[in-house]
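Working notes, beginning with the structure itself.
Please read all numbers here as calculations on a predicted model, not as lab measurements. Protein chains get the first letters and strands the later ones, always in sequence-line order, with residue 1 at the start of each.
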There are 2 protein chains.
Amino acid sequence: MFYSISQVAKKFNLTAYTLRYYDKLGLLPTVGKSSSGLRRFSENDLNCVAMIECLKETGLTLKEIRDYFVLAVKGDETIDMRMQMMINQKKRIEDEIKSLRRNLKKIEFKIKYYQTAKDVGEANVYSEYPQMLAEHDKLFK
Amino acid sequence: MFYSISQVAKKFNLTAYTLRYYDKLGLLPTVGKSSSGLRRFSENDLNCVAMIECLKETGLTLKEIRDYFVLAVKGDETIDMRMQMMINQKKRIEDEIKSLRRNLKKIEFKIKYYQTAKDVGEANVYSEYPQMLAEHDKLFK
DNA sequence: ATAAACTTTAGAGTATACTCTAAGTCAAGA
DNA sequence: TCTTGACTTAGAGTATACTCTAAAGTTTAT
């Protein structure tokens, strides 16, 4: 079973432009062409696109994603390298989640600050509630 | 107490170029200048930079960050809008953490897949372990 | 058969976020 | 006084990731 470029675009919520761009950069090394030159996406190519999306969403550049697929095409001899790339990526995602959680605390503080400011009216929040200044400094300094 | 642009750059691991760029875009509306035209960063300006970093790391564009600071400069009448922005941002961060967690599972599957491939040698992992194909499809489809 | 819809390529254009250069200003130390 | 180093501006250049146009060829529906 094969898919046209616009069917794949629809499936992954991308544009055909973007898929052609990825192909041009070497991110879709196994996509074939029909006798008249139209791209034919196989199930394996769909898995490729799904993996591109996963790596992209977790912060890899398209160049890094291409490097990964270049290794994949070389076959079993590159399994160690690809595994190492995924181990590195796992670490990066875990670090990013930690960073987001730290920043989430800052945003939650800001919401609490604004709620307090609304409660106390025109007054200065930090002079009314000195412990909030301490909390601010702990989060932001 | 005031800081020069290079002191602030060092403190936040940014370059002076970047800080001038942020100033030009309107992200540092309260930074003053000395009589000879040199930027002087106050404690409040440092808090601004810390907030820019927080918002940037959680996915806001510089344009969106500027909009936030433009509201902040307008004073108490914009507190509701700023609070709403932070509530929206909290939601976005939570969604992003969920997305990263989903993608982390995919990366972890890949690592397990490669480990299995190494264990079974040249053989096809999915024909040896059909449940791994089911797991792949569950994660990626 | 033919019109509409889809695809191809090369290459140009856009948006974002820097990053740097050039030319000049200013303050402090030898 | 002069040199060094940090700062200023406007504006050019870079990297990334699309996004689109133009002109041509292909496929599908009536």
Side-chain angles (χ1 to χ4, degrees), chain A residues 1-42 45-46 48-49 51-70 89 92 96 99, chain B residues 2-42 45-46 48-70 89 92 96 99:
Chain A
M1 181 55 179
F2 289 96
Y3 302 84
S4 73
I5 195 162
S6 60
Q7 285 172 324
V8 179
K10 196 171 178 186
K11 217 177 192 69
F12 288 93
N13 209 26
L14 298 168
T15 68
Y17 297 140
T18 302
L19 286 169
R20 284 188 206 104
Y21 176 63
Y22 289 172
D23 194 10
K24 188 151 62 176
L25 293 189
L27 274 68
L28 299 166
T30 64
V31 164
K33 296 269 184 85
S34 74
S35 56
S36 54
L38 274 60
R39 285 178 187 80
R40 289 156 62 84
F41 288 75
S42 67
D45 296 324
L46 296 190
C48 253
V49 176
M51 196 62 196
I52 290 170
E53 288 303 282
C54 171
L55 295 175
K56 204 175 56 168
E57 284 166 16
T58 55
L60 279 203
T61 64
L62 299 185
K63 193 178 175 309
E64 289 167 320
I65 297 171
R66 186 196 54 199
D67 293 344
Y68 173 73
F69 283 111
V70 165
Q89 188 61 5
R92 260 185 243 118
E96 177 64 15
S99 165
Chain B
F2 289 97
Y3 302 84
S4 72
I5 195 163
S6 59
Q7 285 172 325
V8 179
K10 196 172 178 185
K11 218 178 191 65
F12 287 94
N13 210 25
L14 298 167
T15 68
Y17 297 140
T18 303
L19 286 169
R20 284 189 207 103
Y21 177 61
Y22 289 172
D23 193 10
K24 188 151 64 177
L25 293 189
L27 274 69
L28 298 167
T30 64
V31 164
K33 296 266 183 88
S34 75
S35 57
S36 55
L38 275 61
R39 283 178 188 80
R40 290 156 60 84
F41 288 76
S42 68
D45 296 325
L46 296 190
C48 254
V49 176
M51 196 62 196
I52 290 170
E53 288 302 283
C54 172
L55 295 174
K56 205 175 55 168
E57 284 167 17
T58 55
L60 279 203
T61 64
L62 299 185
K63 193 179 175 310
E64 288 167 322
I65 296 170
R66 186 197 53 200
D67 293 344
Y68 173 73
F69 283 111
V70 165
Q89 188 62 3
R92 263 184 241 120
E96 177 63 14
S99 165

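- Residues A/L62 and A/Y21 meet the side-chain proximity criterion, which asks for heavy atoms closer than 4.5 Å.
- Atoms CZ (A/R66) and P (D/dC18) sit 14 Å apart, rounded to a whole Å.
- Separating the OH atom of A/Y21 from the P atom of D/dA17 is a distance of 6 Å, rounded to the nearest angstrom.
- At least one side-chain heavy atom of A/K63 sits less than 4.5 Å from a side-chain heavy atom of A/D67.
- In this model, the phosphate group of C/dA17 is not approached by any side-chain N or O of B/Y22 to a distance below 4.0 Å at OP1 or OP2.
- Rounded to an integer number of Å, the gap from CD1 of B/I65 to C1' of C/dT16 is 12 Å.
- Using a 4.5 Å heavy-atom threshold, the side chains of A/K56 and A/I65 count as touching.
- Within the 4.0 angstrom heavy-atom criterion, no nucleotide atom of any strand lies near B/T15.
- B/Y17 places its OH atom 12 Å from the P atom of D/dT8, with the value rounded to the nearest Å.
- Side-chain contact between B/F12 and B/L46 is present, with at least one heavy-atom pair separated by less than 4.5 Å.
- A straight line from CZ of A/R20 to P of C/dT7 spans 7 Å, rounded to a whole angstrom.
- Using a 4.0 Å cut-off on heavy atoms, the residues of residues 50-62 of chain B that approach DNA chain C are B/K56, B/T61, B/L62, listed by number.
- Proximity of B/R39 to the phosphate of D/dT9: a side-chain N or O atom is located under 4.0 Å from OP1 or OP2.
- Note: B/R92 CZ to B/L60 CG = 5.5 Å, rounded to the nearest 0.5 Å.
- Here CD1 of A/I52 is found 11.0 Å from OH of A/Y68. Values are rounded to the nearest 0.5 Å.
- Inspection of the B/T58 and B/E96 side chains reveals no N or O donor paired with an N or O acceptor under 3.5 Å.
- Contact check for A/S99 versus B/E57: side-chain heavy atoms found under the 4.5 Å cut-off.
- Nucleotides of DNA chain D nearest to A/T18 and B/S6 differ in position, and the one nearer the 5' end is that of B/S6.
- Atoms CD1 and CG, from B/I5 and B/D45 in turn, are 11.0 Å apart once rounded to the nearest 0.5 Å.
- Spacing between atom CZ of A/F2 and atom C1' of D/dT27 amounts to 18 Å, rounded to whole angstrom units.
- At a non-hydrogen distance threshold of 4.0 Å, B/K24 from residues 23-31 of chain B come into contact with DNA chain D.
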